[in-house]
Amino acid sequence: MLKFLLTETFPKGVLNIQLHRPEALNALNTGLLAELADTLDNAARNDAVRAVVISGDSRAFAAGADIREMADLNAIGVMNDPRPQHWSRIAAFPKPIIAAVNGFALGGGCELVMHADIVIASRDARFGQPEIKLGIIPGAGGTQRLIRAVGKSLASQMVLTGEPISAQRAYDAGLVSELTEPDLTLERAQQVAEAIAAQAPLAVNQAKDVLLRAQETHLSAGLAYERKAFTLLAATEDRNEGIQAFIEKRRPEYKGR
Ligand code: CAA
């Protein structure tokens, strides 16, 4: 029984996960983060799930780590904190994640956005890493992923001033792939997720893996990794099905094999 998340799996292979702590603007306390990691672990094993949408509510995607919870931790508490393990499990989720962002995506909320493969945002969304205002710095990848997402100058401005940026600025900088009207964000994210869920699952998961690798490695190693994945997919039934369906002018029926 989940306490901090609302979940629903749709017939077309999309799992919707809604962060649900409205009284704290969906602040990511440790319980919520553990539930999210557990839910994704289960979804990774479930063939019926082919893509995941993570959303908050109209006021906030998530306003960061839970500051009240953080107040109780000393250095040893932070050292033994289970949160980095939860974050690692979220980062290791092998299927595509689409973030549907309305309102605030701050601190850990912005870091969760950056764990998504695709970000669809409402025009009223705000993205920021305000940790500096608390005398700390981002602790769940915010410095490293933000600089890769928006470049050094804007990332440094956001992390060093703590000031958020608008959805339009986030879109222009490449943090967000599409902007929507506020009441259409979730619907659009679901459409994108369904479009992905209709593709061959092994190819989708390989594509995610190879895309993420681009952030970790230099070009020639990344190209070699891509080629290996491309070759591996030649051994799948779905690859033959996809090509055959094109030639026969019909829709492919993918089986994930
Ligand atoms: N943790 C705990 N509670 C939070 C929270 C957070 N991150 N953000 C908001 N809340 C709570 C507020 O305390 C408030 O609760 P009460 O009604 O019980 O007082 C409720 O949510 C509503 O918030 P506000 O009244 O503050 O709403 P607002 O519209 O006036 O302001 C806001 C919205 C600008 C987002 C403001 O809430 C805010 O600045 N929140 C903190 C943002 C932040 O600093 N996030 C970074 C956290 S640290 C982190 O994330 C570390 C990391 O990298 C892992």
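Counting starts at 1 for both ligands and their atoms, following the listed order.
Looking at Arg123 and Glu181, a side-chain N of the basic residue comes within less than 4.0 Å of a carboxylate O on the acidic one, giving a salt bridge. Salt bridge present: Arg83 and Glu69 bring a charged side-chain N and a carboxylate O closer than 4.0 Å.
Cation-pi contact between Arg213 and Tyr225: present, with separation from the ring centre below 6.0 Å and deviation from the ring axis of at most 45°.
Taking hydrophobic clusters as Ile, Leu, Val, Met, Phe, Trp and Tyr residues chained together by side-chain heavy-atom distances below 4.5 Å, Leu186 does not share a cluster with Val176.
Contacts of ligand 1 (protein heavy-atom distance under 4.0 Å) are Glu23, Ala24, Leu25, Ala27, Arg59, Ala63, Gly64, Ala65, Asp66, Ile67, Arg68, Met70, Phe104, Leu106, Gly107, Gly108, Glu111, Pro130, Glu131, Leu134, Pro138, Gly139.
Using modelled atom types and a 3.5 Å distance limit, the side chains of Thr180 and Thr185 yield a donor-acceptor pair.
For NE2 of His20, the number of neighbouring non-hydrogen atoms (other residues, nucleotides, ligands) closer than 6.0 Å is 12 at most.
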